[in-house]
Protein chains: 2
Amino acid sequence: MAESGDTTGKVLYKDDTHTYIWLGGENKYRKGVIQTMQYLIIDNGRGTLLDPGGVHLFPKVVAAVSRFIAIDKIDTIFFSHQDPDVSSGIALWLGITNAKVYISALWTRFLPHFGIVDTTRIIPIDDRGGSAKLASGAEVRFIPSHFMHSPGQFALWDARSKILFTGDIGAAVFGDGEETVFVDDFSKHVHLIEDFHRRYMASNAVVRKWCTQVSRLNPTMIAPQHGAIYRNESVTAFLDWLSALRCGTDLADQIFGF
Amino acid sequence: MAESGDTTGKVLYKDDTHTYIWLGGENKYRKGVIQTMQYLIIDNGRGTLLDPGGVHLFPKVVAAVSRFIAIDKIDTIFFSHQDPDVSSGIALWLGITNAKVYISALWTRFLPHFGIVDTTRIIPIDDRGGSAKLASGAEVRFIPSHFMHSPGQFALWDARSKILFTGDIGAAVFGDGEETVFVDDFSKHVHLIEDFHRRYMASNAVVRKWCTQVSRLNPTMIAPQHGAIYRNESVTAFLDWLSALRCGTDLADQIFGF
């Protein structure tokens, strides 16, 4: 169960110039719609939004952001991949901010299909990743996460807070009333993530490679777009579990049925 | 170069009760936006739309459809997968038709993020596929095509016309003025499809498995959502080429850079 007040957001990290905020989950389970979480980094008074979500959630996310920063101070938007729940609000966000949008180069030509989009504001991320400097000089890095699940997918590593935002990686699907903000006991959480990762992640070879790389960053938290935030021991427990998972094309015979 | 008049649509198959129509490509190349093609099956006077596309193209596709059938006679919409260029117009299409939407069960909970969507009109397709009966009794089958590229993806087999609609599989990316409607000489087409398939398709194991299954259907045409339609010898040539392709996670070391 979420702690009281959690749906209005929670500061995950804060120093003099840099704040990492979980903008809250949806406090009401809506039947048949996957729940999402959004994050905001405020660095020297400028905002970076992570997977701000679809058309569907736009009013809610605008309101949540505005509790922390004026909307026109958002100058960076990061999309981990191309899915509707991640990025279908792009035309709305470009309309109310001057932000640049970072997304895998695989998807820049697909985004305009969401509506009227100024393509000069979309910055393609090369397959092998890259980085962006924030206002204070702090750096965020784009960590290749391809085929987990999207062919062009990135996690975002915030070196200052040591929080890794992972998009769909680590996603949990809660039942009504089961929501928690943090994962503190991984053994109690694993049943909420098992089916999703087994089916959507492309193969063990890929997830293992990713986990090895991510472990070297030594994140204090892993923050996915759905479910709950891994912290303390649950970070390592999650990476160990994912490294060993047979998934996706490893199970093609079962999944395809031919 | 497309033949004259091709942008207004072309009948690919016709018998007394069943017509398969290519609704046309975009006749003007728009910089930075991937071009798409839509298809319409009319069966006993009722319409089935295949990957009708995003918000961006909605007015154009409505106009194209209306040259062949009244919009309110569309009772089935098929989405091969969840990408913006395929399905982001869902709320608009549900608004002007009473159609049911078929899509992989993996994506039914993501579609409402495109906007206000009545989830009772979305029919999930199970991993191993399935079929739907059209008005005349003709059957369309959903052929599992997972991880090509989407984790939950289907092709649509129209047994009457023997045309296989494949979504992104077979997609070509044309330069300005290079468009053709059909692929008649595969050796001249391969350079337009190579980079896309190598990068977006998940692995050789998966594409090979799919090609074996699809070859057994013996399609007269393979109709993708981007590029050109394979017919005659180019159908087999494409399947032979794809079967042998190393792609996606096979090339993880190159793609990830770690």
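Labels below follow one simple rule: chain letters A, B, ... track the order of the sequence lines, proteins then strands, and each chain is numbered from 1. This is a predicted model, so every value here is computed, not measured.
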When you look at B:Phe147 and A:Phe147, which way does the side-chain contact (heavy atoms from CB on, under 4.5 Å) test go after all the steps? CA-CA 9 Å; B:Phe147 296 101; A:Phe147 296 102; over 6 Å; no

Interface moiety of A:Ala252 toward chain B, non-hydrogen atoms closer than 4.5 Å: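 For A:Ala252, the contact with chain B is made by backbone and side chain together.
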
With a 4.5 angstrom heavy-atom cut-off, is it the side chain or the backbone of A:Ser145 that approaches chain B, or both, or neither?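 Backbone only.
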
Suppose we screen for ring-ring contact (aromatic ring centres under 6.0 Å, His included). Which residues come up paired with B:Phe79, at least two apart in sequence or across chains?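 So B:Phe79 forms no ring-ring contact (aromatic ring centres under 6.0 Å, His included) with any residue.
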
Side chain from CB out, backbone as N, CA, C, O: work out which of these in B:Ser87 comes under 4.5 Å of a heavy atom of chain A, or both, or neither.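 Answer is neither: B:Ser87 stays 4.5 Å or more from chain A.
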
Minimal non-hydrogen separation, [X] against [Y], with atom names:
X        : Y        : result
A:Thr249 : B:Val206 : CG2-CG2, 3.2 Å
A:Ile34  : B:His113 : O-NE2, 2.8 Å
A:Tyr200 : B:Pro151 : O-CG, 3.8 Å

Report yes if some heavy atom in the side chain of [X] is under 4.5 Å from a heavy atom in the side chain of [Y]; otherwise report no.
X        : Y        : value
B:Arg109 : A:Asp85  : no
A:Phe110 : B:Val33  : no
A:Arg128 : B:Phe256 : no
A:Asp83  : B:Trp107 : yes

Pick whichever of A:His146, A:Arg199, A:Gln82 has the most heavy-atom pairs under 4.5 Å with chain B.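 Top option by heavy-atom pairs under 4.5 Å: A:Arg199.
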
Determine the option with the most heavy-atom pairs under 4.5 angstrom with chain B, choosing from A:Gly257, A:Ala205, A:Gly54.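 Top count of heavy-atom pairs under 4.5 Å with chain B: A:Gly257.
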
Summary of salt bridge (Lys or Arg N to Asp or Glu O under 4.0 Å) pairs that have at least one residue in residues 248-258 of chain A, sequence neighbours excluded: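 Non-adjacent pairs meeting salt bridge (Lys or Arg N to Asp or Glu O under 4.0 Å): A:Asp253-B:Lys209.
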
From B:Phe258 CZ over to A:Trp210 CH2, what is the distance, rounded to the nearest 0.5 angstrom?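 That separation rounds to 8.5 Å.
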
Can you tell me which of B:Pro144, B:Gly152, B:Ala202 forms the most heavy-atom pairs within a distance under 4.5 Å of chain A?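 Winner by heavy-atom pair count: B:Pro144.
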
Please output the residues of residues 90-97 of chain A in contact with chain B, using a heavy-atom cutoff of under 4.5 Å, in numerical order.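 The residues closer than 4.5 Å to chain B amount to none at all.
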
Contact list for residues 162-173 of chain B, test side-chain hydrogen bond (donor to acceptor under 3.5 Å, both in side chains), sequence neighbours left out: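 Found B:His81-B:Asp168, B:His149-B:Asp168, B:Asp168-B:His226.
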
